Amino acid sequence: MMEKHYDAKAAEAKWYEVWEKTGCFHDEPGEGVPYSVVIPPPNVTGILHMGHALNETIQDILVRWRRMQGRNTLWLPGTDHAGIATQNVVEKALRKEGKRRQDLGREAFVERVWDWKRQYGGTIVRQQRMMGNSTDWSRERFTFDEGCSKAVAKVFTQLYNEGLVYKGNYIVNWCPRCGTALANDEVEHEANHGHLWYVRYPVVGSALGVKGEPYKDYVMVATTRPETLPGDTAVAVNPKDERYAHLIGKNVILPLTGREIPVISDDYVEKEFGTGIVKITPAHDPNDFLVGKRHGLAEINIMTDDGHMNELAGAKYVGMDRFECRKALVADLEEGGYLDHIEDYDNQVGHCYRCHEVVESRLSKQWFVKMKPLAEPAIEAVKNGSVRFVPDRWSKIYFNWMENIQDWCISRQLWWGHRIPAYTCAKCGELVVGETAPGVCPKCGAHEFEQDPDVLDTWFSSWLWPFSTLGWPEKTADLDYYYPTTDLVTAQDIIFFWVARMMMAGIHFMGKPPFKNIVIHGIVRAADGSKMSKSKGNSLDPLELIDMYSADALRFSIALITSLDCDSKVSKEKFEIGRNFCTKIWNAARFMEMNGAKDAAFADLTADEKHILWATDLACKKVSELLEQYRIQDGALAVYDFFWTQICDWFVEYAKDAPDKARAFAILRDVFYKALRLLHPYMPFITEEVAHQLGYLKDGETIMRADFPKGYSEEEKAAWGISQEVYDFVNAKREAITALRGLRAEYKVPPATYVKATIATDDPLAKGELDSLKKAMRAETVDFVPAGSDLAMPSKITAFGTVYLSLEGLVDKAAEAKRIAGELAKLAGFIKSSEAKLANENFVAHAPEAVVAEARRKLAENKEKVAQLEKLAKLFA
RNA sequence: GGGCUAUUAGCUCAGUUGGUUAGAGCGCUUCCUUGACAUGGAAGAGGUCAGUGGUUCGAAUCCACUAUAGCCCACCA
């Protein structure tokens, strides 16, 4: 006996363990075209959030569906070592002990991170299991494991040998808190309400002013970053700016330092902005850096790694924090009479995507990858259709980024990550790059080397994920069979970080793009549309939702609210629908069990029985078609409607009093198992549990490996006499039933009261439905009269015929007359517009025949309605 | 400054080549403790499809402009 209530927790724990232990998730290279997907590896420090839940639910639905279709299916799991993120987590833990990573030293610190990973790194993969992910855990990978590390070293070396990796002194984004360089896309720009400071730089040779009084001859620059002033090495104007033409070539005095710097001209300067004169600080601004290069200016770095001023900033400011220094320097400028005025100014300021510190532009030696040569074939692959974005509009965004791609700064001044495989000879300084440490210096023959202290950007291992996880650089059977993967499913926010770079790496190193379809979904947002974040406290915890409603409920609800086209706003209540659906499935299963549904031959079927078989056939086809197009939400809706409306609301109700109960239940049994399998990709646990409870599967079998239903064969359909016509007929009958129920409600007929109904129809099949109509309508009698019969009773017109409710013995009020008058007015409007439409020669000439016929039918029907209502109105007069 | 996407019922959203009187879920109203299920059932109210103009016999759907919102990209100090 099935329990009264479904115990989701027990079932989910039980089935996941069975699946994993019996190798249900595992796949081996075989015949045919495989379906393969690599998971976007979550950070090893991560805990499951709604974004993962959405992303992985979509993947698991696709994966389970393909697997049931019989394809060799691999979903490969793993985690990302997440350089900065993980290092930060461990540093934070260290800080609690009052230590910094420097106190431990590099080796001990890295060991400490590994310890951390061993201890806590399993959290997210445990949580993924609770979601029901059917990932092949035997192939679980980590971006910092031995194989991935090997791939990274090989890739770096190859790119270096190809001249695509280079080292150089450039302005990079620098996070003073994390103490490392950041790639451009790791910087988040945010609106900042700041100021523009207008500062006077005296022209050399002019009279110095007195304290508090303006200089007589000066240039005025506007700056948002006064603290960088000590690093200025020029002042620039636009070459076409006549106002300042006379200044070009002269020198000005840098306030507070007394240093003389030149006035130069450069196209970069906008005449309209500020005063049209800009200070040039090559070591602290990317544009100024380029200007400096063009004009051979000195680069004076006035800051330390951690965002404090160094000795080059001037004795007074040494050691100050950069923002502290800004204040002090502005005060000094004012004191010295250099500050003209201050304006409010809004601009965008970059922040570290990890710790949110304001990013500093800083001159330093870093490693870069030349991206243009890698980007070109990656653009081509999407242009020629060998890789497809779903939805397609993302390809535009991809092109836009790829066509304007900048070189990628890949070195990070961290300790946790893949060490750069570049070695400097201790004796002669020769740089050697190789997959393993060099033994002998090729130049001087020395044996001592120093490895580059930096590590590589995390994404430098992630971009190899689709093939490094399959064994590359070794030639493995996995790589041969599963690469390229089929679908990549991810959110829009990492298209540039990850997807675009995987495209480039896949094509460059494997010769083929890493996947065929890139499926981009939206982001899960809080109910008010804001981004979910722990700090805002507006995030939903998928684990809590699993605890409250079950994993199936979470998955189904997610599927139902997911659209590939836009972000989804969610709140806790939205997950009730999944929970309610589970309850419905469970109860329907209990009903079948109680009635002892058994298999039996389908013969001499009633219209209702034919209807459910046809509906089942439609549902099977529809769900597959929708999933084929990645329409997860529509598929969920289709299967939900099929199960709830078709099976539970109508067929189960029919089966209760079917003329041949055994046959009706045999049909229900067949249809129900198809429904379970259609549902399985969405709700893996309850479908497995119910399939076993009802004996569809024996011990040792699993619904995971059952066939995904395709619908019925043409032979079956013919043998059973099921068709669109019968399906439509039953739909019409239901319409009639609903119409009568509506009339009952309108006239406040108590549910227990049996009424007298009349149906005007010429359909010969209708009379065969007398019993089922009586039951469904709670009718004492149902009489049939010829179509077009005109009775003075409340009526509703349906495709089945006109349904009349006898008012005999039912009290009515004058209010009814008013309602009828309103109804008549409404109908008059429809009739008028229909008549106008049909009188329009163009409409009749151009519109498809069916549309015109429908319009005529509708018009006639409305006219009939009017006639009846007028008659009724007399009754109430 | 460029680009993308949205705007449909009180709320969240469907609406796939333009074609009946625009749909679903939640919420709301009325009724129903009928042996699968009140996490349920039956019925109902609620929308000039953001605005304006255009194309068309016909527009939520196609085009243009406008308004509002959101996202992405971008070196105006």
Side-chain angles (χ1 to χ4, degrees), chain A residues 2 4-5 185 189 196 221-225 228 236 268-270 272-281 285-291 345 347-348 361 393-394 396-397 400-401 404 492-493 495-496 522-523 525 527 529 549 553 560-561 563 565-571 573-574 576-595 629 631 633-634 637 640-641 648-649 652-653 656 738 741-746 748-752 778 826-827 829-830 833-834 837 840-848 850-859 861-862:
Chain A
M2 290 173 73
K4 178 134 199 232
H5 296 286
D185 46 20
H189 292 272
L196 259 182
V221 305
T223 178
T224 54
R225 307 214 39 211
T228 62
Y268 154 68
V269 182
E270 301 280 333
E272 283 70 38
F273 188 88
T275 59
I277 304 176
V278 56
K279 67 192 210 53
I280 301 295
T281 322
D285 181 280
N287 297 306
D288 292 7
F289 175 76
L290 294 174
V291 173
Y345 183 65
N347 62 350
Q348 301 273 312
S361 288
R393 64 192 160 85
W394 292 108
K396 278 187 221 159
I397 290 161
N400 185 45
W401 190 73
N404 298 298
Q492 55 205 250
D493 52 353
I495 293 180
F496 306 138
I523 295 172
R525 294 176 174 278
Y549 300 132
L560 211 51
I561 58 183
S563 162
D565 293 315
C566 57
D567 295 349
S568 321
K569 291 180 211 167
V570 302
S571 57
E573 299 72 48
K574 289 213 168 174
E576 286 174 6
I577 189 168
R579 187 264 322 256
N580 295 355
F581 194 29
C582 285
T583 307
K584 191 73 180 177
I585 294 166
W586 187 254
N587 281 311
R590 282 178 62 222
F591 172 77
M592 283 177 57
E593 192 197 33
M594 284 175 190
N595 284 277
Q629 299 166 60
R631 288 165 62 176
Q633 180 186 40
D634 295 338
L637 208 56
Y640 179 85
D641 177 68
C648 294
D649 288 350
V652 161
E653 293 305 320
K656 282 174 179 170
T738 304
R741 287 175 181 168
L743 288 172
R744 292 182 61 120
E746 270 172 44
K748 310 250 188 284
V749 181
R778 294 204 146 237
K826 210 168 161 191
L827 285 169
F830 292 143
S833 86
S834 300
K837 194 194 250 184
N840 183 336
E841 280 170 34
N842 280 321
F843 172 70
V844 180
H846 292 97
V851 173
V852 177
E854 183 58 27
R856 288 212 174 94
R857 196 189 68 72
K858 208 75 203 177
L859 177 62
E861 188 180 297
N862 282 328

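Predicted, not measured: the structure shown is a model, and the values here were computed from it. Labels below follow one simple rule: chain letters A, B, ... track the order of the sequence lines, proteins then strands, and each chain is numbered from 1.
- Comparing B:C76 with B:A59, their C1' atoms sit 44 Å apart, to the nearest whole Å.
- Atom CG in A:N595 sits roughly 7 Å away from atom P in B:A36 (whole-Å rounding).
- Across all strands, A:V221 comes closer than 4.0 Å to no nucleic acid atom at all (heavy-atom distances).
- In this structure, A:D649 reaches the sugar-phosphate backbone alone: every heavy-atom distance under 4.0 Å involves primed, P, OP1 or OP2 atoms, never a base.
- Listed for the A:N400 side chain is no donor-acceptor partner under 3.5 Å among the backbone atoms of A:K396.
- An OP1 or OP2 oxygen of B:A77 is reached within less than 4.0 angstrom by a side-chain nitrogen or oxygen of A:Y345.
- OP1 or OP2 of B:A36 sits under 4.0 Å from a side-chain N or O of A:K656.
- With B:C13, B:C31, B:A77 as the candidates, the nucleotide lying closest to the side chain of A:P751 is B:C31.
- When the nucleotides B:A77, B:U5, B:C73 are ranked by their closest atom to the side chain of A:N400, B:C73 comes out on top.
- The side chain of A:R525 sits closest to B:C71 out of B:C71, B:C31, B:U16.
- For the atom pair CG of A:L290 and OH of A:Y268, the computed distance is 9.5 Å after rounding to the nearest 0.5 Å.
- Picking from B:U16, B:A77, B:A36 the nucleotide with the shortest atom distance to the side chain of A:V278 gives B:A77.
- Pairing partner, B:G46: none, since no Watson-Crick or wobble contact has both distances short of 3.5 Å.
- Contacts of A:C582 with the nucleic acid, taken as non-hydrogen atoms under 4.0 Å apart, are absent.
- Annotation: B:U21 and B:U16 have their C1' atoms spaced 23 Å apart (nearest Å).
- One atom, CD of A:Q492, and another, P of B:C71, lie 11 Å apart when rounded to the nearest Å.
- Ranking B:A77, B:C31, B:A42 by closeness to the A:R741 side chain, first place goes to B:A42.
- Put simply, A:T738 has a side-chain N or O that comes within less than 4.0 Å of OP1 or OP2 on B:A43.
- Here the P atom of nucleotide B:C73 and the NZ atom of A:K396 are 17 Å apart, to the nearest Å.
- Spacing between atom CH2 of A:W586 and atom C1' of B:A36 amounts to 12 Å, rounded to whole angstrom units.
- Where A:E653 and A:L560 meet RNA chain B, the nucleotide closest to each residue was compared, and A:L560 sits on the side nearer the 5' end.
- Side-chain proximity of A:R393 to the nucleotides B:A77, B:A42, B:C4 is greatest for B:C4.
- The side chain of A:Q629 lies closest to B:U16, out of B:A43, B:A36, B:U16.
- Residues A:F289 and A:T281 have side chains not in contact (no heavy-atom distance under 4.5 Å, counting atoms from C-beta outward).
- Look at CZ on A:R778: it is 17 Å from P on B:G41, rounded to the nearest Å.
- For B:A45 and B:U34, the P atoms lie 27 Å apart once the distance is rounded to whole Å.
- Here the separation of B:C57 from B:A74, taken at their C1' atoms, is 48 Å to the nearest Å.
- At the phosphate of B:A77, neither OP1 nor OP2 sits under 4.0 Å from any side-chain N or O atom of A:K279.
- Using a 4.0 Å heavy-atom cutoff across all strands shown, A:G522 reaches no nucleic acid atom at all.
- Side chain of A:R744 to main chain of A:P750: a donor-acceptor pair is present (N/O by atom type, distance under 3.5 Å, no hydrogens or angles).
- Closest heavy-atom contact between A:V269 and A:A236: CG2-CB, 3.7 Å.
- The backbone N or O of A:K569 lies less than 3.5 Å from a partner atom in the side chain of A:K574, making a donor-acceptor pair.
- Among the nucleotides B:C13, B:A43, B:A36, the one closest to any side-chain atom of A:A745 is B:A43.
- For the pair A:R579 CZ and B:G40 C1', the interatomic distance rounds to 12 Å; values are reported in whole Å.
- Residue contacts for A:V570: at a heavy-atom cut-off of 4.0 Å it reaches no nucleic acid atom on any strand shown.
- Using N1 to N3 plus N6-O4 or O6-N4 for Watson-Crick, or N1-O2 and O6-N3 for G-U wobble, each under 3.5 Å, B:G70 pairs with B:C4.
- Using a 4.0 Å cut-off between charged side-chain N and carboxylate O, A:K656 and A:E653 make a salt bridge.
- Pairing for B:G40 goes to B:C32, judged as Watson-Crick or G-U wobble with the two contacts each under 3.5 Å.
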Per-nt protein contacts along nucleotides 17-29 of chain B (heavy atom under 4.0 Å; B base, S backbone sugar-phosphate only, - none) come out as --BBB---S----
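- Formation of a donor-acceptor pair under 3.5 Å by the A:D641 side chain with backbone atoms of A:L637 is not found in this model.
- Between the side chain of A:K584 and the base of B:C37 there is at least one donor-acceptor pair of N/O atoms closer than 3.5 Å.
- Set against B:C4, B:A77, B:C37, the side chain of A:Y268 has B:A77 as its closest nucleotide.
- A:N404 has its CG atom 9 Å from the P atom of B:A74, to the nearest Å.
- The base-pairing partner of B:A24, taking Watson-Crick or G-U wobble contacts with both distances under 3.5 Å, is B:U12.
- Using atom P as the reference point in both B:G1 and B:G53, the two lie 29 Å apart (nearest Å).
- Under the 4.5 Å side-chain criterion, counting only non-hydrogen atoms from C-beta, A:L196 is not in contact with A:T223.
- Without hydrogens or angle criteria, A:E593 side chain to A:M2 main chain gives a donor-acceptor distance under 3.5 Å.
- Taking atom P in both B:G27 and B:U66, the straight-line distance is 42 Å, to the nearest Å.
- With a cut-off of 3.5 Å on both Watson-Crick or G-U wobble distances, the partner of B:C65 is given as B:G51.
- When each of B:C37, B:C73, B:A77 is scored by its nearest atom to the side-chain atoms of A:F496, the top-ranked nucleotide is B:C73.
- The interatomic distance linking A:F581 (CZ) with B:U39 (C1') rounds to 13 Å, in whole Å.
- Using atom P as the reference point in both B:A6 and B:U61, the two lie 13 Å apart (nearest Å).
- Straight-line distance between the C1' atoms of B:C49 and B:A9: roughly 10 Å, to the nearest whole Å.
- No side-chain heavy atom of A:L560 sits under 4.5 Å from any side-chain heavy atom of A:F581.
- Considering only side-chain N and O atoms, A:K569 lies nowhere under 4.0 angstrom from the phosphate OP1 or OP2 of B:C11.
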